[in-house]
Protein chains: 6
Amino acid sequence: MEDFSPHLDALLDLAFQEDVGHQDVTTDAVVPVDARADARVMAKQPMVVFGLGVLSRVFQRVDDTIWVDRHVKDGDPVGVGTAVATVKGPARGILTAERLALNLLMRLSGIATLTRAMKTGLRDHPQCRLLDTRKTTSGMRALEKAAVRAGGGTNHRTGLFDGILIKDNHIAVAGSVTEAINRARKTAHHLLKIECEVVDIQGVKDAIAAGADAILLDNMDDATTAESVKIIRAAGRAIFIEASGNMTMQRIPKVAALGVDGISVGALTHSATSVDFSLEFSVSATA
Amino acid sequence: MEDFSPHLDALLDLAFQEDVGHQDVTTDAVVPVDARADARVMAKQPMVVFGLGVLSRVFQRVDDTIWVDRHVKDGDPVGVGTAVATVKGPARGILTAERLALNLLMRLSGIATLTRAMKTGLRDHPQCRLLDTRKTTSGMRALEKAAVRAGGGTNHRTGLFDGILIKDNHIAVAGSVTEAINRARKTAHHLLKIECEVVDIQGVKDAIAAGADAILLDNMDDATTAESVKIIRAAGRAIFIEASGNMTMQRIPKVAALGVDGISVGALTHSATSVDFSLEFSVSATA
Amino acid sequence: MEDFSPHLDALLDLAFQEDVGHQDVTTDAVVPVDARADARVMAKQPMVVFGLGVLSRVFQRVDDTIWVDRHVKDGDPVGVGTAVATVKGPARGILTAERLALNLLMRLSGIATLTRAMKTGLRDHPQCRLLDTRKTTSGMRALEKAAVRAGGGTNHRTGLFDGILIKDNHIAVAGSVTEAINRARKTAHHLLKIECEVVDIQGVKDAIAAGADAILLDNMDDATTAESVKIIRAAGRAIFIEASGNMTMQRIPKVAALGVDGISVGALTHSATSVDFSLEFSVSATA
Amino acid sequence: MEDFSPHLDALLDLAFQEDVGHQDVTTDAVVPVDARADARVMAKQPMVVFGLGVLSRVFQRVDDTIWVDRHVKDGDPVGVGTAVATVKGPARGILTAERLALNLLMRLSGIATLTRAMKTGLRDHPQCRLLDTRKTTSGMRALEKAAVRAGGGTNHRTGLFDGILIKDNHIAVAGSVTEAINRARKTAHHLLKIECEVVDIQGVKDAIAAGADAILLDNMDDATTAESVKIIRAAGRAIFIEASGNMTMQRIPKVAALGVDGISVGALTHSATSVDFSLEFSVSATA
Amino acid sequence: MEDFSPHLDALLDLAFQEDVGHQDVTTDAVVPVDARADARVMAKQPMVVFGLGVLSRVFQRVDDTIWVDRHVKDGDPVGVGTAVATVKGPARGILTAERLALNLLMRLSGIATLTRAMKTGLRDHPQCRLLDTRKTTSGMRALEKAAVRAGGGTNHRTGLFDGILIKDNHIAVAGSVTEAINRARKTAHHLLKIECEVVDIQGVKDAIAAGADAILLDNMDDATTAESVKIIRAAGRAIFIEASGNMTMQRIPKVAALGVDGISVGALTHSATSVDFSLEFSVSATA
Amino acid sequence: MEDFSPHLDALLDLAFQEDVGHQDVTTDAVVPVDARADARVMAKQPMVVFGLGVLSRVFQRVDDTIWVDRHVKDGDPVGVGTAVATVKGPARGILTAERLALNLLMRLSGIATLTRAMKTGLRDHPQCRLLDTRKTTSGMRALEKAAVRAGGGTNHRTGLFDGILIKDNHIAVAGSVTEAINRARKTAHHLLKIECEVVDIQGVKDAIAAGADAILLDNMDDATTAESVKIIRAAGRAIFIEASGNMTMQRIPKVAALGVDGISVGALTHSATSVDFSLEFSVSATA
């Protein structure tokens with residue numbers, strides 16, 4: 001988690017401000033300052049765990065004497081009833097941080113779990129990447145993209161700043177696929193590839209002719225996808241082929257079989273449901 | 001939206017940093033600085049709209065000459081194909097802000113829509129509040145709680161700072177319901193009520209005896225809930241009765257019929273799915 | 001102090017910026033970087049001490065190798081000439097931080113001391129709370145409210161966000177006490193009590209009838225207060241009675257004797273004068 | 001007020017966070033969003049007003065459609081019952097901002113009023129400056145120093161960064177007045193004068209000999225002060241003479257008569273009491 | 001300038017804090033608040049102007065009633081004595097902002113001017129890009145890269161986040177060019193090209209074999225560069241060829257003639273000297 | 001470095017954001033998380049080193065387990081091939097921080113080296129200060145002024161807030177040197193000296209007559225400078241004489257010989273060129 005902790009801390013600032021504010025009035029009233037507790041974080045369903053680093057960070061931001069002992073690693077698949085971590089320390093801090101820590105762990109593990117499940121559809125197509133999108137939760141992109149990686153997926157560009165993806169509306173303004181790609185090539189720095197979204201065979205041909213480095217086949221049916229792949233592979237140079245558009249568990253292996261290099265699935269981050277954890281709390285000492 | 005704009009701006013700072021960074025390299029390359037566009041925000045399914053203020057704010061943060069014209073009000077139910085707003089201005093800004101704006105609008109409208117749906121289950125029990133919880137998305141609590149209100153729900157406490165809710169783990173540390181409530185009463189300021197979570201009839205009786213202002217019946221079956229309500233109503237003073245625990249569309253009216261004052265549903269914010277919008281983009285002028 | 005350190009750090013950021021800026025030019029010129037000193041913080045008058053945690057934080061923000069040894073606890077009463085703490089470490093940091101540290105300690109101890117003094121007036125009325133108000137110094141509310149607690153007072157609501165207190169101007173807008181209370185009850189979450197400010201017997205009756213949970217008797221004479229208490233106690237339910245309005249040391253026991261539950265005193269934070277401390281500085285080593 | 005608004009805004013950020021937090025729950029519940037009000041800010045005692053710019057800023061930070069009309073200027077003396085400003089606009093914003101705005105205005109006007117009063121003691125000694133100190137409220141230095149100017153006082157250095165003032169503890173570390181002044185002269189930039197605090201005649205002589213530009217006579221009796229002035233004036237160069245130490249209204253003219261150039265009074269900012277204002281609120285329109 | 005104003009504002013925050021602090025004590029003392037002035041910004045040498053947007057922003061941050069009228073456009077070449085802009089408004093703000101505004105304008109125009117000069121060396125090689133590097137001034141990268149564009153240069157990657165450039169030390173850790181490129185290809189998202197730095201012919205061959213998208217010929221002599229270009233062009237796919245290493249005005253055309261696609265020059269930002277501007281100030285009104 | 005670390009950290013925040021952003025994609029892909037390295041920072045030319053504290057801070061901000069061992073002290077002169085520091089720790093962090101760390105070290109050492117060189121011109125005039133100016137890099141003033149000190153220079157005022165320097169444009173607004181100085185004396189606090197810029201003998205006389213504490217002889221020829229010095233020294237009181245205007249290595253000793261107290265040289269910070277360092281990197285362990 002260390003890699004993106006500056007951004008994580010900014011998110012936690014917001015989260016603590018909105019959830020804890022000036023004080024956890026219940027805990028501070030009811031729990032003595034010297035009460036200590038152990039709390040085991042239990043998986044209540046089979047899953048791929050991701051977010052143990054975040055979990056630690058949340059507890060330690062509230063009280064840096066809380067110790068989080070990880071029993072599994074981020075990215076590990078675990079079964080029902082697995083204790084993924086034990087949290088030890090002052091009971092006040094544990095109770096104040098509990099909800100925020102679990103909310104994040106549940107959501108991130110949900111994304112890792114869904115990604116792993118969808119990735120199994122590519123078991124017979126190891127050359128095909130399962131890609132995420134920009135349809136992430138505001139403020140959590142780095143975390144959610146790390147969860148995708150933990151689940152076996154591969155990241156698409158991070159944001160609008162580190163990849164060129166020309167979409168239909170860009171083409172509408174530029175006037176044509178050719179013009180749009182030419183404009184992009186002129187000003188983009190030389191380490192950025194140019195991907196162009198197309199919706200039909202003519203678009204594919206235009207994109208190839210204009211020199212696209214990658215082509216996004218958006219919402220095509222299987223036949224059109226297959227023909228597009230054939231045309232692109234005949235272009236005489238390496239062009240990355242991405243397919244997108246309402247990809248489901250069922251559809252992913254079929255599309256992969258058509259020969260594309262990657263399938264992007266907004267649902268990985270957008271529609272993942274949280275997986276369930278519980279906190280087994282036990283008082284270890286009270287004044 | 002004006003009420004929570006400081007917090008909203010902090011969230012948008014994070015969101016723009018992670019999505020736009022130093023530049024939208026595609027748009028800046030392909031779209032001329034003086035190209036202008038109109039974009040209609042279209043509902044693609046029946047829904048309760050919420051988040052038009054957020055939508056405006058996102059576009060105007062990117063370019064304050066973008067004008068967002070609202071055709072409906074936050075909280076309005078709309079049908080498929082309704083244009084809820086029109087966005088006009090520089091094409092660059094519209095394209096750069098599009099994804100972030102839609103992501104937020106889709107999520108918030110999803111919450112309002114789910115809340116409205118669940119609220120219909122209380123049609124015959126107008127005295128019973130449909131309550132949200134703290135299971136919100138990190139950084140979006142104020143927005144999500146506003147969406148719940150727009151859908152007809154009522155907010156529970158905002159966070160740990162503006163309401164006392166004694167949970168099982170608090171009781172475990174304090175030793176008993178009575179002790180926990182006594183401690184809370186001693187230090188809490190006099191405008192905060194004390195709510196106590198209980199799981200059985202003995203807990204109900206203890207909470208009444210200790211002077212709880214509100215009692216949360218957690219995960220009780222209907223018979224126990226009914227008996228609890230009966231005991232509480234006989235206490236001779238006003239006590240707010242909240243029921244919680246895996247509440248579904250089906251279960252809500254049944255539990256309301258048992259006479260509780262409110263039903264809290266984590267799913268309102270935690271499991272709401274985004275509703276679908278599209279942006280109908282048309283170039284209005286290009287150099 | 002740990003509880004409110006995030007907010008405290010924000011205040012100290014401002015305070016260091018305005019007092020130290022880029023450099024303490026005198027100390028950096030005159031005091032060698034390796035000079036070390038001991039400094040004893042001496043109480044120059046009888047007082048209740050509060051703010052030793054703040055004192056530590058100020059010194060350690062300037063130089064985290066400065067060690068502050070506390071000889072008494074926050075909330076302790078001490079006599080003239082008591083050394084409440086010893087500060088040891090680099091002389092530069094001690095001299096640069098001295099004024100800010102003492103200013104805060106003197107003000108906070110002044111509040112604790114005044115609170116303790118006023119609290120003695122309630123010696124025969126232990127059921128009556130001595131309450132603070134929102135008339136605190138901008139930026140120092142959490143600190144000043146902690147000082148009130150250290151002196152034996154009880155906090156009122158923290159701010160406008162965690163308690164409902166309907167004042168005369170609210171009533172003026174709503175049209176009547178009844179309408180104001182009804183509106184508040186409709187939207188407030190169920191863990192917030194509703195307090196209503198009244199100035200005469202009719203107001204008391206209206207507030208009871210409208211279901212107020214607490215009633216603030218503002219600027220009433222003793223006879224009216226007594227009658228109000230009698231009416232409220234006859235209401236058949238628990239209503240918290242607060243009295244306010246130019247409360248002095250003399251008046252507090254008299255009003256408490258009338259049977260109110262709490263007396264709020266703006267002067268606790270607004271008119272407390274700083275108590276006096278000195279720093280006995282001795283050079284322990286110089287290059 | 002414009003000069004120090006960046007710092008003012010940082011202070012207001014803290015103040016709004018601690019007082020308003022996520023919402024003024026009373027006002028938002030009771031006062032309709034379209035209710036409008038006029039509020040006259042009335043002086044309840046004779047005073048020198050200071051802080052009308054701050055008052056405006058507070059109201060406009062809450063709602064920038066609130067209009068504050070100033071009837072007097074900062075620094076004006078006013079009598080009981082003077083309306084110093086009228087605040088017009090949405091009733092919600094006015095009520096939410098009221099306490100913070102008044103708290104600041106009352107404190108700052110209190111400082112200006114006390115300064116004016118003490119300044120009258122220098123009526124016959126126009127060459128003698130009435131100086132403030134660093135004993136200001138944390139976070140409010142720029143505001144409080146402006147209030148001193150408004151009351152006729154003159155500012156001392158702003159903080160530790162824009163003036164050299166060698167105090168007893170600095171001398172203790174350096175070993176002697178001479179050594180301390182020499183060290184300061186060596187590294188200080190050439191536009192900073194060097195002031196040295198002394199407590200006796202020997203100190204005065206040492207400071208002159210070492211080339212001090214200003215000498216602070218700390219806690220001297222009148223005879224010693226008089227002799228010090230005589231010695232300093234005989235030094236053959238311009239040396240600023242400052243006197244300090246428990247200066248009262250009575251003592252100020254006497255010390256000024258001894259011929260010093262300035263008298264510094266911590267009480268100007270440290271012990272000023274707030275002056276009283278009230279807000280005459282009238283509803284101008286309600287839905 | 002609008003594109004990078006958030007980052008610019010953060011830089012200006014630092015710059016104003018270090019230069020203006022709490023107050024411009026000279027200007028506030030000497031210049032009446034209502035004095036107004038006109039100031040013409042004059043080029044004192046031939047140059048390519050860049051930074052007029054920054055100039056405006058600096059003046060308007062100090063006082064938003066200052067009006068900056070631009071007489072030329074960013075990127076325009078101008079001769080000695082050209083008035084590039086006129087600044088009108090309150091004299092105080094103009095004088096306080098002057099130095100910061102000119103410092104930035106002089107440095108940025110210096111970069112644009114040097115870039116234009118070096119670009120002339122590519123007059124006969126229009127296919128060869130003149131590239132900048134990461135050797136920019138801390139905090140000014142976006143501004144300096146915009147200045148390079150204004151001078152006719154092309155940007156390299158913005159930072160470490162939007163382009164893969166494998167350098168000698170990366171190769172040292174990975175063990176070989178092949179291993180380094182393979183690792184990069186595995187985790188990089190598909191829109192990032194992979195560039196590899198090499199220092200000899202073997203490196204060129206390894207990089208081609210491993211599938212590099214771009215090859216950086218570092219510090220090669222002309223003969224080795226020529227041979228490298230020949231080998232790379234024979235690779236049968238498009239590979240961008242960058243040359244770097246102490247490139248001078250004299251060497252640039254020679255290296256371009258060897259057939260490379262781009263020449264990167266740290267000196268564009270690192271060694272550009274400021275060009276000279278003066279401010280012709282005239283008082284337009286004083287009280 | 002500790003003295004200005006708050007400001008330094010703000011600058012590094014900007015620098016890391018613009019250079020590293022969300023991730024160093026090359027290093028994270030190519031370098032294993034457990035690879036460790038040693039890197040020696042080698043001086044490639046004779047120089048005065050300054051910035052080792054900054055260097056440490058940069059590496060430790062990226063990874064606080066990186067250890068920087070300093071072999072020389074800030075301010076030391078070193079020869080070609082000197083290892084000034086060794087950096088040890090995780091290879092990832094070292095590679096990610098390398099460029100930013102070296103850029104700062106090279107620029108700051110360049111300033112220290114140039115200052116030392118120019119200072120040699122004052123070898124025979126030890127009473128004459130070599131002064132810096134406000135022509136520093138935005139955001140780096142504290143660092144650059146520390147580098148000047150390390151090279152043997154003396155700082156002028158830090159910014160507009162801690163010294164009064166009346167320039168030609170101030171005089172233009174005030175109407176005369178006399179009026180400008182009088183205004184400054186009236187409001188400036190008593191520890192600030194007043195310096196006045198003059199361009200001819202009449203200006204010198206006016207400034208003396210008006211009581212200036214320091215006089216800046218701007219762009220005068222040697223004869224006029226000499227006459228100015230003579231007139232000022234005859235004034236009968238200590239007045240600091242500063243000379244400025246295109247001072248070069250050649251001209252500095254000549255001007256010093258004319259008897260001025262200080263010579264200010266914008267070039268110290270404005271035109272210093274970076275000195276050269278290299279990083280000798282060796283892998284110490286890889287997984």
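Within every chain, numbering begins at 1; the chains are lettered A, B, ... in the order of the sequence lines, protein sequences first and strands thereafter.
Two residues are said to be in side-chain contact when any heavy atoms from C-beta on lie closer than 4.5 Å; F:Val173 and E:Phe281 meet this criterion. Side-chain contact between E:Ser271 and F:Thr273 is absent, with no heavy-atom pair separated by less than 4.5 Å. Within the 4.5 Å cutoff, the side chain of E:Gln23 has no heavy atoms near those of the F:Leu160 side chain. In this structure the side chain of F:Asp28 never reaches within 4.5 angstrom of the side chain of E:Thr187, judged on heavy atoms.
Smallest separation of non-hydrogen atoms from E:Ala29 and F:Ala184: CB-CA, 3.8 Å. Nearest heavy-atom pair across E:Glu18 and F:Met140 is OE1-N, 3.5 Å. Considering all non-hydrogen atoms of both residues, E:Ser138 and F:Leu100 come closest at OG-CD1, 3.3 Å. The two residues E:Asn103 and F:Arg134 come nearest to each other via the heavy atoms ND2-O, 3.5 Å. Nearest approach of F:Arg183 to E:Pro32, heavy atoms of both residues: NH1-CD, 3.6 Å. Pairing each heavy atom of F:Val25 with each of E:Gly163, the nearest pair is CG2-O, 3.6 Å.
Contact of F:Ser282 with chain E is not made at all, since no heavy-atom distance falls under 4.5 Å. For F:Leu192, the part lying under 4.5 angstrom from a heavy atom of chain E is the side chain only. When heavy atoms are compared at a cutoff of 4.5 Å, F:His189 does not approach chain E at all. With a 4.5 Å cut-off on non-hydrogen atoms, E:Glu179 does not touch chain F at all. If you measure heavy-atom distances from E:Arg157 to chain F, the contacts under 4.5 Å come from the side chain alone. For a residue to count as touching a neighbouring chain, one of its non-hydrogen atoms must lie under 4.5 Å from one of that chain's; by this rule F:Arg107 does not touch chain E. Contacts of E:Ile166 with chain F are made by both backbone and side-chain atoms, with heavy-atom separations under 4.5 Å. For chain E, the nearby part of F:Leu104 is the side chain; its heavy atoms alone come within less than 4.5 Å. Neither the backbone nor the side chain of F:Ala188 comes within contact range of chain E, judged by heavy atoms closer than 4.5 Å.
Chosen from F:Ala172, F:Ala91, F:Gly175, F:Gly139, the residue pairing most often with chain E at heavy-atom distances under 4.5 Å is F:Gly139. Your options are F:Asp168, F:Thr158, F:Asp13, F:Val20, and the one with the most heavy-atom pairs under 4.5 Å with chain E is F:Val20. Counting heavy-atom pairs closer than 4.5 Å to chain F, the top residue among E:Thr27, E:Ile181, E:Thr137 is E:Thr27.
Each of E:Lys186, E:His170, E:Lys167 was evaluated against F:Val30; a single residue qualifies, E:His170, per the side-chain contact (heavy atoms from CB on, under 4.5 Å) test.
Put simply, CG on E:Asn169 and CG on F:Leu279 are 6.5 Å apart, with the number rounded to the nearest 0.5 Å.
Residue F:Lys135 qualifies as open at atom NZ: its count of foreign heavy atoms under 6.0 Å is 12 or below.
In this structure a side-chain-to-backbone donor-acceptor pair under 3.5 Å is present from F:Thr26 to E:Leu165.
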